[in-house]
Amino acid sequence: MHILRRVIVIVAVTALVLIAAFTGVYLWQQPILLTGTGYAAHNACAVTEVAGRDDPATDLPPNPLVPYLQVDTDANAGITTASIVGALAHQTAWYAEGFGCTLAGQRPELGEATAIDPEGNPFTDAAAAAPTPEVDAALEQALSRAFGDELAASGAEALGTRAVVVVKNGELVAERYADGFDASTPQLGWSMAKSVTGLMTGVLVKQGVVSLDDDHLRPEWTDERADITVEDLLRMQSGLEWDETYDLGTPITRMLYLEPDMGAYVASLPLEHEPGTFQEYSSGSTTLLCSVLTERTGLGADLPRQTILGPLGLSSAVFEPDAAGTPVCSSYLWATPRDWAALGQFALQNGEWNGEQLLPDDWMERSLTNVEHEETDDPGYAMGFRTNVLPDGGLRWPELPEDTFHMSGHDGQKVIMVPSENLVVVRMGFTPAVDDDASEVQLVADAISALG
């Protein structure tokens with residue numbers, strides 16, 4: 001009897017120790033697990049609800065959590081939930097028409113999305129106004145190379161090109177799409193959203209709502225952070241502490257997948273450097289800027305639709321907000337490749353659209369001017385765009401004209417503008433494992449050659 005009692009005690013104590021250990025490990029690792037399930041929930045919601053695809057798993061990057069993720073979608077309710085084996089680290093994404101998907105504990109109150117009329121957008125796929133053009137052999141070969149047709153199947157898959165659109169002299173001259181995608185499929189631009197935020201800020205500067213010199217941007221900034229300006233945020237020179245490493249548990253993934261009010265989270269970070277002296281690429285800076293813009297305008301999640309998407313007729317475009325209703329201006333803009341081309345054309349035209357000047361006359365010149373920093377981790381990042389001419393006078397892409405500039409996003413998203421050729425080239429893809437730059441540079445060089 002004494003032996004049995006001792007065995008029971010030992011088993012009970014062991015069970016309690018194991019439970020305590022498991023609970024401790026889970027609480028320790030919970031932020032990392034929630035990052036993984038947050039990514040999965042948002043990705044599955046947006047791919048299915050915004051892009052209209054049925055293969056969200058193909059947009060998940062390599063991750064040790066992937067085999068253990070369980071994703072459940074209620075399309076009728078607009079709810080997508082992800083968890084670890086159906087039991088741990090639940091995260092929920094909520095879909096709203098016009099605003100896409102938002103991670104939140106409960107459905108966020110975002111208001112009604114302003115309707116966007118595609119009329120006036122020359123590349124719209126809503127009518128036969130812009131049919132797929134016939135292309136000559138040289139341009140066809142350029143598209144073929146961009147899709148890796150000459151590579152083995154594994155190489156083409158790793159390259160992962162999903163769309164190419166070429167615009168010359170303001171006209172659509174070529175396009176091609178991967179299987180499962182077409183001209184009506186919105187694609188996520190990731191950090192190309194930062195360039196669009198630069199354009200959106202320019203619209204508000206033109207309207208007199210904000211100024212590049214505006215400081216004291218947050219009421220809680222009563223220290224040196226009060227010196228941070230709108231231009232500092234656009235140029236990634238705010239000096240706020242940041243780590244852009246796209247990995248589980250870093251500030252960028254915490255912001256995107258754990259914080260309901262992303263702008264407030266970034267604003268809470270301390271200064272590492274004096275504002276304006278050190279350039280550090282930061283998705284936090286751009287999302288913080290949008291929290292300032294939403295507060296100034298009072299437009300909330302509808303800010304991009306009323307300022308940039310609507311005036312350009314980008315009817316496919318969806319700028320997703322956080323749970324506080326702030327557009328996630330660093331990362332979450334979906335649009336068809338044609339609408340991405342329209343954004344590139346708008347920049348190429350110095351902010352003129354259908355006869356109306358929407359940006360200050362010098363906005364693009366200023367946006368493409370690099371300023372000196374004591375140190376930078378992203379040479380050639382100007383004000384929302386990257387330039388071909390680097391601060392030291394060298395060229396990022398020697399194969400292309402000096403005046404080339406571009407938008408760039410995670411996993412191989414590019415909109416490349418060449419003013420001297422009046423050319424816009426869009427490349428969308430999923431390229432997490434190989435360097436896609438060489439293919440895109442070759443594409444633009446081939447397009448210049450083919451189009452004369």
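Note that this is a predicted model, so its numbers are computed, not measured.
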Colleague: Among Arg235, His273, Glu280, Gln237, find the one that has a side-chain hydrogen bond (donor to acceptor under 3.5 Å, both in side chains) with His373.
Modeller: Gln237
Colleague: Less than 4.5 Å apart, any side-chain heavy atom of Lys206 and any of Leu359?
Modeller: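 Lys206 vs Leu359: side chains apart.
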Colleague: Taking the side chain as every heavy atom from C-beta outward, state whether Thr229 and Asp213 have any atom pair closer than 4.5 Å.
Modeller: no
Colleague: Ignoring hydrogens, what is the shortest heavy-atom contact between Ala163 and Pro337? Give both atom names and the distance.
Modeller: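 Shortest heavy-atom contact: CB-CG, 3.5 Å.
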Colleague: Looking only at heavy atoms, which two atoms of Gly313 and Asn121 are closest? And how far apart?
Modeller: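 Smallest interatomic distance, heavy atoms only, reads O-ND2, 3.2 Å.
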Colleague: Does the side chain of Phe385 come within less than 4.5 Å of Lys194's, by heavy atoms?
Modeller: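 In short, these two side chains do not touch, never coming nearer than 4.5 Å.
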Colleague: With a 4.0 Å cut-off, would you call Arg218 and Glu295 a salt bridge?
Modeller: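 No, Arg218 and Glu295 are not salt-bridged.
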Colleague: Look at the rings of Tyr39 and Tyr257 and say which category their plane angle falls in: under 30° parallel, 30 to 60° tilted, over 60° perpendicular.
Modeller: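 The rings of Tyr39 and Tyr257 sit tilted, inter-plane angle from 30° to 60°.
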Colleague: Going by heavy atoms in the side chains, are Arg305 and Ile116 under 4.5 Å from each other?
Modeller: yes
Colleague: Just grab all the disulfide (SG to SG under 2.5 Å) pairs involving residues 306-394, residues at least two apart or on different chains.
Modeller: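 Every pair satisfying disulfide (SG to SG under 2.5 Å) with a residue in residues 306-394: Cys290-Cys329.
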Colleague: Ignoring hydrogens and angles, state whether a donor on the side chain of Thr48 or Asp54 is under 3.5 Å from an acceptor on the partner side chain.
Modeller: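 Side-chain D/A pair, Thr48 to Asp54: absent.
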Colleague: When you compare the side chain of Leu204 with that of Leu293, does any pair of heavy atoms fall below 4.5 Å?
Modeller: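 Yes; the side chains approach each other to less than 4.5 Å.
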Colleague: Determine which pairs satisfy disulfide (SG to SG under 2.5 Å) with at least one residue from residues 342-444, sequence neighbours left out, and list them in order.
Modeller: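 Counting only pairs at least two positions apart or across chains, no disulfide (SG to SG under 2.5 Å) contact touches residues 342-444.
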Colleague: Using a strict 4.0 Å threshold on nitrogen-to-oxygen distance, state whether Lys414 and Asp436 make a salt bridge.
Modeller: yes
Colleague: Using only heavy-atom distances, determine whether the side chains of Gln187 and Trp334 contain a donor-acceptor pair under 3.5 Å.
Modeller: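 Checked: Gln187/Trp334 side chains show no N/O donor-acceptor pair below 3.5 Å.
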Colleague: Taking only Lys NZ, Arg NE, NH1 and NH2, and the carboxylate oxygens of Asp or Glu, determine whether Asp182 and Arg162 approach each other closer than 4.0 Å.
Modeller: no
Colleague: Say whether Thr58 and Arg53, considering side chains only, have a donor N or O and an acceptor N or O under 3.5 Å apart.
Modeller: yes
Colleague: How close do Val318 and Gly98 get, counting heavy atoms only, and between which atoms?
Modeller: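 Heavy atoms only, the tightest pair is CG1-O, 3.9 Å.
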Colleague: Please tell me whether Trp363 and Ser367 have a donor and an acceptor in their side chains that are separated by less than 3.5 angstrom.
Modeller: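 Yes, Ser367 and Trp363 have a side-chain donor paired with an acceptor closer than 3.5 Å.
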Colleague: Tell me whether Asp214 contacts the main-chain N or O of Ser211 through its side chain, where contact means a donor paired with an acceptor under 3.5 Å.
Modeller: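 Confirmed, Asp214 side chain pairs with Ser211 backbone.
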Colleague: Assess the side chains of Thr37 and Gln91: does a donor N or O sit below 3.5 Å from an acceptor N or O?
Modeller: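 Absent: no donor and acceptor within the cut-off.
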Colleague: Looking just at side-chain N and O atoms, do Tyr95 and Glu97 make a donor-acceptor pair shorter than 3.5 Å?
Modeller: yes
Colleague: Quick one: are the ring centres of Phe319 and Tyr332 less than 6.0 Å apart?
Modeller: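 Ring centres of Tyr332 and Phe319 not closer than 6.0 Å.
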Colleague: Do His216 and Trp221 come within less than 4.5 Å of each other through their side chains, counting heavy atoms only?
Modeller: no
Colleague: Applying the side-chain hydrogen bond (donor to acceptor under 3.5 Å, both in side chains) criterion to Glu244, which one of Ser191, Ser283, Ser330 satisfies it?
Modeller: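 Exactly one candidate clears the test, Ser283.
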Colleague: Mind checking whether Gln345 and Asn422 have side chains closer than 4.5 Å, heavy atoms only?
Modeller: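 With C-beta onward as the side chain, the pair touches.
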Colleague: Is it true that Arg254 and Glu259 make a salt bridge, defined as a side-chain N closer than 4.0 Å to a carboxylate O?
Modeller: yes
Colleague: Within a strict 4.5 Å, meaning less than it, do heavy atoms of the Leu172 and Arg338 side chains meet?
Modeller: yes
Colleague: May I ask you to check whether Thr431 and Arg427 show a side-chain donor-acceptor distance below 3.5 Å?
Modeller: yes
Colleague: If you measure from the Lys or Arg side-chain nitrogens to the Asp or Glu carboxylate oxygens, is any gap between Arg225 and Glu220 under 4.0 Å?
Modeller: no
Colleague: Work out which heavy atom in Thr287 is nearest to a heavy atom in Met262; give both atom names and the distance.
Modeller: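 Scanning both residues, the minimum pair turns out to be CG2-CB, 3.7 Å.
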